[in-house]
Structure formats: C-alpha cells, structure tokens
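Have a look at the structure below before the remarks.
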Amino acid sequence: MASLGQLPQHAGRTMHGSRCATPLLPAPSAARVPARMHVRAGATPSARPQVNAVAAPPAPPPPEVKTEGKDVVGPVILNGQTLHSLSKNRLEMINSIAGYVEERVLPVLKDVDKCWQPADLLPDPASDTFIDEVRELRKRTECLPDDYWVVLAGDMITEEALPTYMAMLNTLDGVRDETGAAPTPWGRWTRAWTAEENRHGDTMNKYMYLSGKVNMKAIEVTIQNLIGSGMDPKTENNPYLGFIYTSFQERATKISHGATARHAKELGDGVLGKICGHIAADEGRHEIAYQRIVEKFFELDPSGTMCAFEEMMRKQIVMPAHLMDDLQHKGKTGRSLFADFSSVAQDTKTYTASDYADIIDHLVKHWKISEITGLSEEGVKAQEYVGKLSTRVRRLAERAESIKQKKTPKPTPFSWVYDRPVELRATP
C-alpha cells in the first residue's frame, strides 16, 4: 500500500447521519434486558450476557465508549465508530462464501517460488562485484531530484507499515484469522497477501539505503511512529466497508507505484523503474482479488453493498500513512508531514485528486453500478450518489488545484532528504 494524496473535502453525511446507516449496519434489537441480566460495559453485541442473582445498575462505560441507552443492548461506539454491528444475516452471508474465496480469490496469489524477491533486483552482497554494483547504483541515482526521493520515501514508509494493514484486515468480522494460522480461505488470504506485500518495503528500503541519498535515521523514525500510531480507515469491523476500502486503495497504490516506475525510467534509473514496476504489478493483482470479493457482495446483497459503497465514499478513503510523523516536520514548518508529502505527490503527478476520481469511475464501471436492479429505496439513492460522485470530485479537485497554483512556491525542508528544500505550494 503506497501512501497517497488526500482528496479535497466534499460535503456528505457521515455513517451515523446517513440515510443508509440502518440498512447497512442494523443495530441489535433494542429490547430491554431482563432484571437479572445485564451486559458488561463495552461488550460486543456477540458477547454472552452475565447472569447475576441480584439485579444491579449497569456499570458506567469506559472512557470514549458510549452505549445506546440504559439497560439496552445496543451497538458499542468507540471514537465515533459502531463496532461489530454487522447484522446476523449478513455475517452468515460472509461465512457462506468461503468456497468462492477459495476458487476466485486465492488463485490471484502466486506460488512463492514464482514470485520475484528483493535479492533478484538488488546488488548481491556475496558477489565479488558487490562494491562495484553499489557504486553503479549510486551513480544511477544521481539523476533523481529531491522531490522524487520525497515521494519514494513516503511510499516506502507506508509499505513498511505492513503490520498495521494486516491488523486492519483482522478487525473485520467474519473474515479475520482467528488463530494466526487458521486454515480458512480468509485466513490464508490475509497471511499470503501480507507475505507478498512484505517484499515491497524490503526492496525499496534497501535500494534507498544503498543510494546514500536519503536520511535513513529520519525515515526509520517515521516508520516506527507510523506503525505505532496505526490507522483508522473507518471500516467499523465491517467487511463490506473493509473490502470496498481495499478495492480502492490497492488500485490507488498501483497508480502511485506505476508513476514512480515511469518517472525513474524517464529520469535515467531503469533498475529503480523496474523495481517500482514489479511492485505496481503486485498491487494490480491484489486489486483484482478485493474487487472480486465486493462483486460477490453485490451479487448476494445488492442493496447492502450499494449502501456500503456510498458510505465509504462519503467518508472518503483515508490514506494509510495519514498519521506519519518524523518528529521534526511539524516543528519546522507548522504543517503536517503527510499533507506536505501529499502535495509533493500531487505536484509530481505521482498521485492526484484526478486519480482519485478516476478510481471512483473505474469501480462504478467495474461493478456495473448503473445496471444493478432490485434495490431498496436506500439502495437506489446510494446508487445515484456514487454514480455522480466522480464528476463532483473532479470539479472540487480542479478548484482546489486552481487555488493552489496561485500560491507562491516556498522551499520546504524534508528530514528524509537531510532537510534539503523542496519547492512546495503548501496549503496551511
């Protein structure tokens, strides 16, 4: 997953304010709990009630957790998100498609012996020519400007936060790897996807280290902070939302790595171009897998999936690296490191708001949104919203870019390139 630029803000109701909130995430029954039984504060809807001989008032919820009324079994809300609120029938639907995952999703993965490895693309330390190969690598990378290194570093940092993305997949109800080595199709997918993705950060990290052009200490601090901070894609333990998110994100990642591959070749480093191209190709395969999962959701539950698509688009796709921090940039510039990195990605045409709109267009066409029939009233409204969204996004993106271009470029230091300045039309 590459770190990508943020979409300009567009109006839209949040999950809990949306007309689709009920059909997408129906809450458990609001029936009053018998006097002898009450649910532990913070318990998930699937938790078994505790039985007491004497009735007692419910315990207060822990900090940042809200419950939906006294003595009422309702969704647990944490940081504004409804947790574990997928309805029972939809959870059963998720469980029913394990065979489909086995037949149509797992085959997207490659056998390990057929995958490229970092060692295939980097100088061989056991070779007598290793030092010469490193010198040649350093000579090749002299052609790359600092704005390219900033984008490449940001992409690599995000790839290195892979533990966060595996953890995110394992928050999704019905598909998580319950043991860490579960033989289920869902568990095998998550582990094998993670294993394929792991090669990306490894290769980019080693190449950048050997180049001598970047400050590895500052990059390593950023990686550690990013993994420690995690990410909040606002998928609410819901596989409908989760796999719509990954369908979008993998395509965005493919676009970003494809651009860095193209730029490296144009600038004169064909080897780095090949590396980024290999990574982009992997992301393209992974995109196919996640989009197939959502295709099945549309087949079995068109209204629920359509509402989920709308909700994820209203929330916007939160990019994986939005919490990156090198402990320096904010103090020097007064701005977010992620925001400035995203501006560089936009300025270099690595990933832009227009790309965001293109991805919406692609998903709408790929899932044949306009052709889906038999929708509920809420589903029809969601269908109309997502069908028009890319045009709206393009209009907002063009307006934001016009405003940005009127700003005077300012030299902005990035710790990743030893505080060498990059010209940036930053928005405070």
Side-chain angles (χ1 to χ4, degrees), residues 1-9 138 141-165 167 200-233 252-253 256-257 259-260 263-264 267 272 276 318-352 400 404 407-428:
M1 288 187 174
S3 180
L4 306 168
Q6 190 68 37
L7 168 72
Q9 294 292 315
R138 289 181 171 230
T141 58
E142 289 176 1
C143 65
L144 303 175
D146 286 333
D147 57 2
Y148 181 89
W149 285 115
V150 168
V151 172
L152 193 69
D155 282 359
M156 181 268 278
I157 287 164
T158 315
E159 292 287 354
E160 291 283 54
L162 185 60
T164 297
Y165 316 139
H200 302 170
D202 277 358
T203 311
M204 297 170 76
N205 192 316
K206 290 169 182 172
Y207 197 91
M208 296 179 78
Y209 171 80
L210 292 173
S211 77
K213 300 297 189 300
V214 297
N215 183 342
M216 291 304 299
K217 178 67 176 292
I219 287 173
E220 289 158 359
V221 167
T222 310
I223 293 169
Q224 184 172 350
N225 272 326
L226 182 56
I227 295 174
S229 297
M231 66 178 289
D232 181 8
T253 303
S256 180
H257 284 302
T260 55
H263 296 162
L267 291 166
L272 182 55
C276 295
V318 178
M319 299 307 170
H322 68 284
L323 298 177
M324 62 167 51
D325 183 10
D326 64 351
L327 305 181
Q328 301 181 45
H329 197 85
K330 184 76 172 181
K332 293 174 182 176
T333 68
R335 296 188 301 271
S336 154
L337 174 59
F338 176 73
D340 279 359
F341 155 62
S342 298
S343 291
V344 179
Q346 172 90 14
D347 290 345
T348 57
K349 309 298 183 186
T350 303
Y351 180 82
T352 69
K404 184 177 178 180
K407 296 179 178 291
T408 302
K410 295 181 180 180
T412 300
F414 281 84
S415 66
W416 303 338
V417 289
Y418 294 102
D419 283 330
R420 295 191 298 270
V422 173
E423 293 291 314
L424 188 65
R425 288 184 172 90
T427 301

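If you're wondering where the values come from, they're calculated on a predicted model, not measured in any experiment.
- The backbone N or O of Gln346 sits nowhere less than 3.5 Å from a side-chain atom of Thr350 that would complete a donor-acceptor pair.
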Do His329 and Met324 pass the side-chain contact (heavy atoms from CB on, under 4.5 Å) test, and can you show the C-alpha distance, the side-chain angles, and the key distance before you say yes or no? CA-CA 10 Å; His329 197 85; Met324 62 167 51; over 6 Å; no
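- Salt bridge annotation for Asp146-Lys213: absent, with no cationic side-chain nitrogen under 4.0 angstrom from a carboxylate oxygen.
- The main-chain N or O of Lys349 is never found under 3.5 Å from a side-chain atom of Thr352 such that the two would form a donor-acceptor pair.
- Distance check: Tyr209 OH to Ile219 CD1 gives 12.5 Å after rounding to the nearest 0.5 Å.
- A donor-acceptor pair under 3.5 Å is absent between the side-chain atoms of Tyr351 and the main chain of Ala252, judged by distance alone.
- Residues Asn215 and Ser415 bring no donor and acceptor atom of their side chains to less than 3.5 Å of each other.
- Formation of a donor-acceptor pair under 3.5 Å by the Ser256 side chain with backbone atoms of Thr253 is not found in this model.
- In this structure, Asn225 contributes its side chain and Asp326 its backbone to no donor-acceptor pair below 3.5 Å.
- Across Glu160 and Asp202, no two heavy atoms sit closer than the pair OE1-N, 4.0 Å.
- Between the NZ atom of Lys217 and the OG1 atom of Thr222 there is a distance of 11.5 Å, given to the nearest 0.5 Å.
- One N or O on the side chain of Arg138 and one on the backbone of Leu210 form a donor-acceptor pair closer than 3.5 Å.
- Inter-residue side-chain proximity for Thr164 and Leu226 is flagged as unmet; no heavy-atom pair is nearer than 4.5 Å.
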